Amino acid sequence: MQSKWRFSTIIPTLLILISTGGPVSAQDVPSKVQAGAGFVVGVPSGEFGNYVTNPGVGITGHLGYRIPNTPAIVGVSVGYIIYGRETRREPFSLTVPDVTVHVITENNILPVNLFLRFQFREGRLRPYVEGLTGFHYLFTETTIEDIPFSAENDIASSTNFGDFSFTYGGSVGVMLQVYDGTEKRRTQEGTVKSVSLDFRFRYLNGGDASYLEKGAITRNDGQITMATTRSRTNIATIYIGGAVEF
């Protein structure tokens, strides 16, 4: 009972502190836009975690608008997470068996979410909480790449399977300011207000979707068979990146 009481009071207390903290100087030019990007590790949870046992890695970014005279930021967050990858070498074709290529199959998640964030406007250390809603696009893609590999050596690619699920969830995080441009903004409109390191934990509840696990595609006599899995698509993510405010 005591632990439940503590949990139920943490978020409201943090929201009160954020909404009352960090007064803006009358001479300051408040930030209007916040943008960030970084690396993310995704850990499937619940049913999704029963089928996909390995964590995924990827990148994510966000763009938000700060509502004037409030601690609220509204915006959009978009990511790209690879949760399964297979690589094999194959002959380029039946008629050209002496040329080999890399065939790479990747299982991916594209999370797209609208968010509402509450965060201190000022201070070197600025915690935040946010709520999100959006969708996951889960898809598997196979790409043929030349050997040796380079970014320009993609020969062909195809999406093998894809499905959508709606999502909702929340995040807690903290930004550590490493650059303060407040003084320059007082005399030069439009310069960067701050640059910060961003650390965040996020949990998204995903609806039912069909997807392919690693190794779910079998190949035989020029034909492929796909063993799809269907479940809820909950995922927890840990994020490390940077943020800039203008």
Side-chain angles (χ1 to χ4, degrees), residues 7 10-11 14-15 17-18 21-22 31 33-46 48-49 52-66 71-85 106-139 164-180 192-207 209 211 232-246:
F7 180 79
I10 286 174
I11 298 301
L14 186 56
L15 285 172
L17 290 173
I18 289 174
S31 62
V33 177
Q34 184 184 97
F39 299 97
V40 65
V41 176
V43 181
S45 178
F48 195 29
V52 180
T53 57
N54 56 289
V57 295
I59 57 175
T60 188
H62 75 275
L63 180 65
Y65 170 75
R66 183 179 290 278
I73 299 174
V74 294
V76 61
S77 173
V78 180
Y80 181 79
I81 300 173
I82 301 172
Y83 68 88
R85 179 183 173 94
E106 291 180 337
N107 302 317
N108 313 286
I109 304 175
L110 183 71
V112 179
N113 288 277
L114 300 175
F115 67 83
L116 174 63
R117 174 181 297 183
F118 295 94
Q119 182 179 32
F120 285 111
R121 297 187 293 270
E122 302 292 334
R124 188 177 181 191
L125 198 66
R126 296 183 297 147
Y128 61 86
V129 295
E130 61 185 12
L132 305 100
T133 184
F135 65 86
H136 284 155
Y137 176 49
L138 297 95
F139 66 102
F164 287 88
S165 69
F166 290 103
T167 59
Y168 67 93
S171 308
V172 292
V174 62
M175 287 185 183
L176 175 62
Q177 183 175 279
V178 295
Y179 169 77
D180 185 357
V192 173
K193 178 176 176 60
S194 68
V195 179
S196 305
L197 297 176
D198 190 1
F199 307 91
R200 180 177 68 229
F201 173 80
R202 174 175 293 172
Y203 191 88
L204 290 172
N205 292 284
Y211 53 90
R232 294 188 60 82
T233 54
N234 298 356
I235 189 169
T237 60
I238 299 171
Y239 167 85
I240 300 176
V244 180
E245 293 201 40
F246 301 93

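Throughout, numbering of the chain's residues begins at 1 and tracks the sequence. Keep in mind that this is a model prediction, so the values were computed, not measured.
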Legend entry - Over 12 foreign heavy atoms within 6.0 Å of CG, Leu176: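 For Leu176, atom CG is crowded (more than 12 foreign heavy atoms under 6.0 Å).
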Legend entry - Other residues, nucleotides, ligands: >12 heavy atoms within 6.0 Å of Phe201 CZ: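 Check passes, neighbour count above 12.
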Do you know which two heavy atoms are closest between [X] and [Y], and how far apart they sit?
{"X": "Ser165", "Y": "Gly207", "answer": "CB-O, 3.4 Å"}
{"X": "Gly79", "Y": "Thr60", "answer": "CA-OG1, 3.5 Å"}
{"X": "Arg121", "Y": "Arg126", "answer": "O-NH1, 3.9 Å"}
{"X": "Val40", "Y": "Ile59", "answer": "CG1-N, 3.8 Å"}
{"X": "Pro44", "Y": "Ile235", "answer": "N-CG1, 4.0 Å"}

Validation row: [X], [Y] side chains within 4.5 angstrom (heavy atoms):
{"X": "Tyr80", "Y": "Asn108", "answer": "yes"}
{"X": "Lys193", "Y": "Glu122", "answer": "yes"}
{"X": "His62", "Y": "Asp198", "answer": "yes"}
{"X": "Pro127", "Y": "Phe120", "answer": "yes"}
{"X": "Leu114", "Y": "Val74", "answer": "no"}

Got a donor-acceptor contact below 3.5 angstrom from the [X] side chain to the [Y] backbone?
{"X": "Asn54", "Y": "Tyr83", "value": "yes"}
{"X": "Thr167", "Y": "Asn205", "value": "no"}
{"X": "Arg232", "Y": "Gly206", "value": "yes"}

Inset, instruction - Check each of Leu110, Ile109, Val112, Ile81 against His136 using the side-chain contact (heavy atoms from CB on, under 4.5 Å) test, and report the only one that passes. - result: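 Answer to the side-chain contact (heavy atoms from CB on, under 4.5 Å) test with His136 among Leu110, Ile109, Val112, Ile81: Ile109.
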Inset, instruction - Check the pair Ile73, Tyr65 against side-chain contact (heavy atoms from CB on, under 4.5 Å), reporting the backbone distance first and the verdict last. - result: CA-CA 5 Å; Ile73 299 174; Tyr65 170 75; 5.8 Å; no
Legend entry - Tyr203 versus Ser45, side-chain donor and acceptor atoms under 3.5 Å: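 Tyr203 and Ser45 do have a side-chain donor-acceptor pair below 3.5 Å.
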Measure the [atom1]-[atom2] distance between [X] and [Y] for me, rounded to the nearest 0.5 Å.
{"X": "Phe115", "Y": "Leu132", "atom1": "CZ", "atom2": "CG", "result": "7.5 Å"}
{"X": "Gln34", "Y": "Gln119", "atom1": "CD", "atom2": "CD", "result": "5.0 Å"}
{"X": "Tyr128", "Y": "Phe118", "atom1": "OH", "atom2": "CZ", "result": "14.5 Å"}

Legend entry - Chi angles and distances behind the side-chain contact (heavy atoms from CB on, under 4.5 Å) call for Thr237, Arg200: CA-CA 8 Å; Thr237 60; Arg200 180 177 68 229; 5.7 Å; no
Inset, instruction - Report yes if the distance between the aromatic ring centroids of Phe164 and Tyr137 is under 6.0 Å, otherwise no. - result: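 Ring centres of Tyr137 and Phe164 closer than 6.0 Å.
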Inset, instruction - Assess whether side-chain contact (heavy atoms from CB on, under 4.5 Å) is satisfied between Ser77 and Arg202, documenting all intermediate values. - result: CA-CA 12 Å; Ser77 173; Arg202 174 175 293 172; 3.3 Å; yes
Legend entry - Mutual orientation of the aromatic rings belonging to Phe48 and Tyr211 [parallel < 30°, tilted 30-60°, perpendicular > 60°]: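 Phe48 and Tyr211: perpendicular rings.
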